[in-house]
Undergrad: 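The structure is given below, and queries will be raised subsequently.
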Amino acid sequence: MASDPIHQFNISKLVPIEIGGLDFSFTNSSAFMVATVVAAGAFLFVSTASRGLVPSRMQSIAEMTYEFVANMLRDAAGSQGMKFFPFVFSLFVFVLVANLLGMFPYFFTITSHIIVTFALAILVIGTVIVYGFWKHGLGFLNLFVPSGVPGVLLPLVIAIEIISFLSRPISLSVRLFANMLAGHITLKVFAGFVTSLSAFGVVGIGGAILPLGMTVALTGLEFLVAFLQAYVFAVLTCMYLNDAIHPGH
Amino acid sequence: MFVAPAFAASDQPAENGETHSATEAGHGAAEAGFPPFETATYPSQILWLAITFGLFYLFLKRVALPRLAGIMEVRRDRIAQDLDQAARLKQESDEAIAAYEQALAEARQKANEIGQKARDAAKAQADETRRAVEAQLEEKLTGAETRIAEIKASALADVGTIAQDTAGSIVQTLGGGSVTKAEVAAAVKAAR
């Protein structure tokens, strides 16, 4: 059913693999994960291969990405946060390239699946929790106790802090997932209008200009969203990591 | 023709039961199987995400990021080095300029001295020459004045003699008597 705007999110098995009753098949999603990693890795590897003192265009893109993420992390988490730089850089580039690859027609968008974004978010929050307790022990729980709050309000504030902390992986994953899903559905719906309207002859073709324009505009918007969501994901990761590094408010 | 079949189905209410049920079945399947919520695909997605992202992370951490950091480090060092060299060269040129200016000032002073010396020497020589010429002139002048005085004295002496002679002859002619020369001379002297 090519008409279905949901069809593009279907997962099809390419190489069926089943272990212990669970389905670990190599699917189109897996293929695009591999493609994302290979594309991003190859770009970073090839563009820096010449190690130019004066960078080529490709190399300056790689360097700009490096500086961009490094500044982001340093601003949010200070110089101590730089030990997480490879992690944040990988997340940012992975999400960005996955989002951008999804913009190609007929390509699968791996970040449009909640389980993928949720797994990444859990990875982030898991890193925050593990590092926080490893580094500060129980002092990490100070994160939930803002300074300067009167004693009466403290239980309430702590409850709110804990709830907001627990909702972080959900908001982090749903934001990315919903943006990519909604964007691709909207694009598909408007593109569908173009074909279905143009089936009605001359008037229909005239009427199809509007959804066509919308499709073009939305494509531009989706490129922006693809970058923006990767950026937001990385920035929030930096801020959460900052909590793990400096738990006191 | 992406949406066309679905639209066709909704535009024209079912002509026969078969089409209708087929459409409904299709809708039902789509709703039940909204792909992001199909939990059966989760293990596979998580596994492959872990594999791919894990490898990506390792690759970046071990290879790509150290390389990028190295490139930028080398560039930073090189720029700092070049700046140092530029600063050193600037200092050298400043020193050279200072040395040059000093040499220039010395040369100017020396030139002034030489000029002053030459001027003094020329002035001294001119003064000497002038003094010599003046002395010579003074001498000549004195000589001339002496001669004039002599000539004047002899002339005056001659005037006395002439006056005596003349007076003698005048007295002789007028008076007829003779007078002595001494008398005439005394008379002339008294008249003068």
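Below, chain A is the first sequence line, B the second, and so on; all start at residue 1.
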Undergrad: Using heavy-atom distances under 4.5 Å, tell me whether Ser112(A) contacts chain B through its side chain, its backbone, both, or neither.
TA: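 Only the backbone of Ser112(A) comes within 4.5 Å of chain B.
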Undergrad: For the candidates Leu22(A), Leu44(A), Ile11(A), which exhibits the highest count of non-hydrogen atom pairs separated by less than 4.5 Å from chain B?
TA: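 Highest number of heavy-atom pairs under 4.5 Å: Ile11(A).
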Undergrad: Under 4.5 Å from any heavy atom of chain A, what part of Arg75(B) do you find: side chain, backbone, both or neither?
TA: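 Its backbone and side chain both get close to chain A.
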Undergrad: Please report the shortest heavy-atom distance between Gln45(B) and Met33(A), naming the atom on each side.
TA: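 Between these two residues, the closest heavy atoms are O-CE, 3.6 Å.
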Undergrad: By a 4.5 Å heavy-atom criterion (distance strictly below it), what part of Ala69(B) contacts chain A: side chain, backbone, both, or neither?
TA: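 Contact with chain A is through both the backbone and side chain of Ala69(B).
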Undergrad: Looking at every heavy atom in both Asn10(A) and Pro35(B), which two are closest together, and how far apart are they?
TA: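 Scanning both residues, the minimum pair turns out to be OD1-CG, 3.0 Å.
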Undergrad: Could you grab the distance from atom CD1 of Ile51(B) to atom OG of Ser30(A), nearest 0.5 Å is fine?
TA: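 Here the interatomic distance stands at 8.5 Å.
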Undergrad: Measuring from atom OG1 of Thr41(B) to atom NE2 of His113(A), what distance do you get when rounded to the nearest 0.5 angstrom?
TA: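 It is 6.5 Å, given to the nearest 0.5 Å.
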Undergrad: Between Leu60(B), Leu49(B), Leu47(B), Thr39(B), which has the largest tally of heavy atom pairs under 4.5 Å with chain A?
TA: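 The option with the most such pairs is Leu49(B).
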Undergrad: Would you find more than 12 non-hydrogen atoms of other residues, nucleotides or ligands less than 6.0 Å from Met58(A) atom CE?
TA: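 For Met58(A), atom CE is not crowded (no more than 12 foreign heavy atoms under 6.0 Å).
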Undergrad: Checking heavy atoms, do the side chain of Ile19(A), its backbone, both or neither come under 4.5 Å from chain B?
TA: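 When you check distances to chain B, no heavy atom of Ile19(A) falls under 4.5 Å.
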Undergrad: Measure distances from Phe59(B) to the heavy atoms of chain A and classify the residue's part below 4.5 Å as side chain, backbone, both or neither.
TA: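 Answer is side chain: those atoms of Phe59(B) sit under 4.5 Å from chain A.
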Undergrad: More than 12 heavy atoms of other residues, nucleotides or ligands under 6.0 Å from CZ of Phe45(A): is that the case?
TA: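 Incorrect, the count does not exceed 12.
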Undergrad: Nearest 0.5 Å, what's the CH2-CZ distance between Trp48(B) and Phe32(A)?
TA: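 Separation between the atoms: 15.0 Å.
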Undergrad: Supply the atom-to-atom distance Tyr57(B) OH to Leu123(A) CG, rounded to the nearest 0.5 angstrom.
TA: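 Here the rounded value is 9.5 Å.
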Undergrad: Identify the two heavy atoms, one from Leu181(A) and one from Pro36(B), that lie closest to each other, and give their separation to 0.1 Å.
TA: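 That closest heavy-atom pairing would be CD1-CG, 3.9 Å.
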Undergrad: For the NZ atom of Lys61(B) and the CZ atom of Phe89(A), what is their distance to the nearest 0.5 Å?
TA: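 Those atoms lie 14.5 Å apart.
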Undergrad: Checking the side chain of Ser44(B) only, and the main-chain atoms of Ser25(A) only, is there a donor and an acceptor separated by less than 3.5 Å?
TA: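 Between the backbone of Ser25(A) and the side chain of Ser44(B) there is a qualifying donor-acceptor contact (under 3.5 Å).
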Undergrad: For Ala64(B), is it the side chain, the backbone, both, or neither that has a heavy atom closer than 4.5 Å to a heavy atom of chain A?
TA: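 Only the side chain of Ala64(B) comes within 4.5 Å of chain A.
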Undergrad: Is the CE atom of Met64(A) crowded by more than 12 outside heavy atoms at less than 6.0 Å?
TA: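 12 or below, so no.
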Undergrad: Measuring heavy-atom distances to chain B, does Leu91(A) have an atom under 4.5 Å in its side chain, in its backbone, in both, or in neither?
TA: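 Both parts, backbone and side chain.
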Undergrad: Pick one of side chain, backbone, both or neither for Ala70(A), based on which atoms fall under 4.5 Å of a heavy atom in chain B.
TA: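 Neither part.
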Undergrad: For Thr48(A), which atoms come within 4.5 Å of any heavy atom of chain B: side chain, backbone, both, or neither?
TA: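 Both the backbone and the side chain of Thr48(A) come within 4.5 Å of chain B.
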Undergrad: Where does the angle between the aromatic ring planes of Phe53(B) and Phe94(A) fall among parallel (under 30°), tilted (30 to 60°) and perpendicular (over 60°)?
TA: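 Ring orientation of Phe53(B) relative to Phe94(A): perpendicular.
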Undergrad: For the interface with chain B, which of Phe26(A), Phe9(A), Phe177(A) has the highest count of heavy-atom pairs at distances below 4.5 Å?
TA: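 With the most close heavy-atom pairs to chain B, the winner is Phe26(A).
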Undergrad: What's the spacing between Leu58(B) CG and Ser90(A) OG if we round to 0.5 Å?
TA: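 One gets 9.0 Å once the value is rounded to the nearest 0.5 Å.
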Undergrad: What do you reckon, is CZ of Phe43(A) surrounded by more than 12 foreign heavy atoms closer than 6.0 Å?
TA: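 It does: Phe43(A) CZ has more than 12 such atoms within range.
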Undergrad: When only pairs under 4.5 Å are counted, which of Val194(A), Ile110(A), Leu120(A) shares the most heavy-atom pairs with chain B?
TA: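 Maximum pair count with chain B is reached by Leu120(A).
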